[in-house]
Amino acid sequence: MVGLGEQLLARGHRVTLATNGHFSGIAKDQGLEFIPLGTAEQYLECTTNPDLWHPRRSFKLIYQYFRPFLKQQHELIVEAAKTEKTVVIASCLSFGARMARDSHNIPVLTVHLQPAVIWSDNEPPTIAGLFGPRWWKSLMYRFGERFFVDAVVCPYLNEWRRELGLSPMRRVIQWWHSPDGIVCLFPDWYGPAQPDWPKPMIQTGFPLWNHKATEPLAPEVERFLAAGSAPVVFTPGSANVHGRDFFNVGMKSCQKLGRRGIFLTPYPEQVPANLPPEIAHFSYVPLDLLLNRAAAFVHHGGIGSTSQAFLGGIPQVAMPLAHDQFDNGARIERLKLGVSLPATKFTEPRLTEALKKLLNTPEITAACQKAQAAVAAKNELSRTADAILARFSE
């Protein structure tokens with residue numbers, strides 16, 4: 001959202017980012033107006049809860065975390081629309097924005113960074129716990145939609161809708177697609193549009209935005225990269241504070257393979273205390289400046305990390321835990337760009353074997369180079385901004 005906001009700002013539009021206060025520094029660095037919805041302390045409280053990384057319990061936790069700020073989100077959008085033309089670009093979980101669309105007909109575009117959040121009976125995404133033929137997956141999905149999503153969200157939203165004079169709603173996972181349109185920030189070769197996806201739809205490509213990507217690499221990072229062979233890069237995700245086992249497995253695998261490694265996490269307590277000199281830890285390095293100098297990338301399977309590996313032209317190992325990560329892992333494997341190892345199978349022998357195969361298979365190298373060519377030198381955020389502005393100038 002920050003990168004897209006920059007593009008709209010550059011086109012002369014006023015842009016305000018409303019999200020948790022944890023992200024205020026990044027927004028202000030890019031020149032965006034910022035409204036906090038919750039505090040950085042609340043963000044940390046959510047990310048330190050292990051349920052955030054559980055495939056079944058994560059949605060309820062996230063909803064409980066942002067529910068207190070939904071009415072604030074709704075009110076600030078309604079107030080803004082009173083004085084100037086307002087268009088809202090929102091994630092699928094921005095229920096306050098969708099309510100503003102329903103209550104005041106304020107234009108809203110739903111942005112999807114990953115295909116996993118758009119259900120299709122024609123080609124279902126990979127979701128933890130769903131298995132079998134397509135008809136069975138669809139049946140299981142609708143059971144989960146009714147008893148695990150609507151049961152959590154609808155009581156509060158429908159009471160609020162009653163207060164606003166709106167009719168009750170159900171099937172939240174369909175409702176979160178705005179009738180004004182959805183924006184898919186992933187290319188069709190990664191997530192082909194399905195006949196039963198909501199419309200109207202804008203599909204462009206991965207945003208590939210990194211904070212501080214216009215600055216030179218830190219001297220200590222540059223020194224490490226220059227001191228030896230291309231490393232294997234590891235991260236369990238910037239918000240994951242439970243990565244101790246992940247890094248232990250990564251260290252042992254690097255040692256077994258005789259490979260150098262880079263561990264990325266802002267939480268140094270997760271990193272083994274006895275790191276060998278062949279492995280370095282850094283709190284943050286822009287991935288678009290790092291991965292094109294790496295041998296492989298081992299990560300949690302988030303869409304941002306997945307797409308950055310494509311840009312780097314290197315194979316990847318995804319360790320999915322929850323959310324969209326299982327679907328991204330499945331797509332990586334189908335495209336022959338890497339391997340998916342769920343946390344229950346993420347062990348040193350399996351990781352070592354996976355990396356050995358990925359680093360020594362010409363077909364995988366060729367597939368990674370093809371993916372790199374497909375995403376390189378394309379300013380998808382600029383194209384997306386133009387498409388959004390064209391959509392509302394019609």
Side-chain angles (χ1 to χ4, degrees), residues 55-56 58-64 66-67 70-71 73-74 77 87-162 164-186 188 191-203 303 322-328 331 388 391:
R56 292 186 300 278
S58 55
F59 177 81
K60 184 176 182 179
L61 173 71
I62 293 172
Y63 173 68
Q64 289 173 338
F66 67 66
R67 190 180 75 174
L70 294 180
K71 290 187 176 181
Q73 185 184 66
H74 174 269
I77 292 169
V87 173
V88 183
I89 302 170
S91 75
C92 61
L93 296 179
S94 297
F95 296 161
R98 278 293 285 111
M99 291 289 277
R101 199 273 177 193
D102 288 356
S103 64
H104 289 75
N105 204 32
I106 297 169
V108 172
L109 281 178
T110 304
V111 173
H112 296 309
L113 299 177
Q114 61 282 98
V117 296
I118 313 175
W119 180 259
S120 169
D121 288 326
N122 184 64
E123 191 63 43
T126 300
I127 296 176
L130 299 192
F131 57 89
R134 282 184 295 179
W135 69 268
W136 180 247
K137 287 180 181 178
S138 295
L139 184 63
M140 294 177 70
Y141 176 81
R142 284 175 172 77
F143 179 87
E145 184 180 33
R146 178 176 179 181
F147 293 103
F148 291 95
V149 178
D150 284 6
V152 169
V153 176
C154 286
Y156 176 79
L157 284 190
N158 281 336
E159 176 59 26
W160 183 14
R161 291 177 70 84
R162 185 188 65 78
L164 294 171
L166 298 171
S167 59
M169 48 79 65
R170 64 184 185 90
R171 301 197 69 188
V172 171
I173 301 177
Q174 303 302 317
W175 174 79
W176 70 22
H177 306 299
S178 172
D180 295 317
I182 64 171
V183 180
C184 297
L185 282 177
F186 50 84
D188 57 4
Q194 299 302 312
D196 53 351
W197 278 11
K199 295 177 178 59
M201 181 190 73
I202 298 168
Q203 185 169 19
I303 190 63
H323 317 298
D324 62 319
Q325 296 163 12
F326 292 93
D327 187 62
N328 294 327
R331 292 174 192 273
I388 289 172
R391 170 78 180 86

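What you see below is based on every heavy atom in this structure, not just the backbone, and it leaves out hydrogens, waters and symmetry mates. For the single chain, residues carry numbers from 1 onward in sequence order.
Partners of Val149 by side-chain contact (heavy atoms from CB on, under 4.5 Å), not counting sequence neighbours, listed by chain and number: Phe59, Val172, Ile173. Evaluation of the ring pair (Phe, Tyr, Trp, His ring centres under 6.0 Å) rule for Tyr63 yields Phe66 as partners, not counting sequence neighbours. Contacts of Ser103 classified as side chain to side chain donor-acceptor pair (under 3.5 Å), with partners at least two apart in sequence or in another chain: His74. Scored by the side chain to side chain donor-acceptor pair (under 3.5 Å) test, Arg56 finds no partners at all (sequence neighbours excluded). Applying the salt bridge (charged side-chain N to carboxylate O under 4.0 Å, His left out) rule to Arg162 yields the partners Glu159; only residues at least two apart in sequence or on another chain are considered. Remark: Ser138 pairs with Trp119, Asp121, Arg142 by the side-chain contact (heavy atoms from CB on, under 4.5 Å) rule, at least two apart or across chains. Applying the side-chain contact (heavy atoms from CB on, under 4.5 Å) test to Lys71 and every residue at least two apart in sequence or in another chain returns Glu75, Tyr156, Trp160, Glu163. Scored by the side-chain contact (heavy atoms from CB on, under 4.5 Å) test, Phe131 finds Trp136, Met140 as partners (sequence neighbours excluded). The side chain to side chain donor-acceptor pair (under 3.5 Å) search around Gln203 returns none, not counting sequence neighbours. Every residue two or more places apart in sequence or in another chain that forms a side chain to side chain donor-acceptor pair (under 3.5 Å) with Ser94 is listed here: Ser91.
Sorted by first and then second residue, the pairs that involve residues 191-201 and meet side chain to side chain donor-acceptor pair (under 3.5 Å), not counting sequence neighbours, are Ser120-Asp196, Asn122-Gln194. Listed by first and then second residue, the salt bridge (charged side-chain N to carboxylate O under 4.0 Å, His left out) pairs involving residues 101-114 are Arg98-Asp102, Arg101-Asp180, Asp102-Arg161 (not counting sequence neighbours).
Note that OG1 of Thr126 and NZ of Lys137 are 5.5 Å apart. Values are rounded to the nearest 0.5 Å. With values rounded to the nearest 0.5 angstrom, Phe143 atom CZ is found 12.0 Å from Leu130 atom CG. With rounding to the nearest 0.5 angstrom, the CD atom of Gln114 is 4.0 Å from the CG atom of Asp324. Rounded to the nearest 0.5 Å, atoms CG (Leu70) and CG (Leu157) are 7.0 Å apart. The distance from atom CD1 of Ile182 to atom OG1 of Thr110, rounded to the nearest 0.5 Å, is 7.5 Å. A distance of 13.0 Å separates CD1 of Ile127 from NE2 of His323, quoted to the nearest 0.5 Å.
Ser178 approaches Val108 most closely through the heavy-atom pair OG-O, 2.6 Å. Across all their heavy atoms, Ala97 and Val88 have their closest contact at CB-CG1, 3.9 Å.
Between Pro107 and Arg391, every side-chain heavy-atom pair lies at or beyond the 4.5 Å cut-off.
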Given the rule in the side-chain contact (heavy atoms from CB on, under 4.5 Å) test, do Ile89 and Ile388 qualify, once you have shown the distances and angles that lead to the verdict? CA-CA 9 Å; Ile89 302 170; Ile388 289 172; 3.9 Å; yes
For Cys92 and His177, run side-chain contact (heavy atoms from CB on, under 4.5 Å): C-alpha distance rounded to whole Å, both residues' side-chain angles, the deciding distance at 0.1 Å, then the answer. CA-CA 7 Å; Cys92 61; His177 306 299; 5.9 Å; no
Step by step, work out the side-chain contact (heavy atoms from CB on, under 4.5 Å) result for Tyr141 and Glu145. CA-CA 6 Å; Tyr141 176 81; Glu145 184 180 33; 4.3 Å; yes
Applying side-chain contact (heavy atoms from CB on, under 4.5 Å), run through Gln73 and Met99 and close with a yes or a no. CA-CA 9 Å; Gln73 185 184 66; Met99 291 289 277; over 6 Å; no
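A donor-acceptor pair under 3.5 Å is formed between the side chain of Gln325 and the backbone N or O of Ala322.
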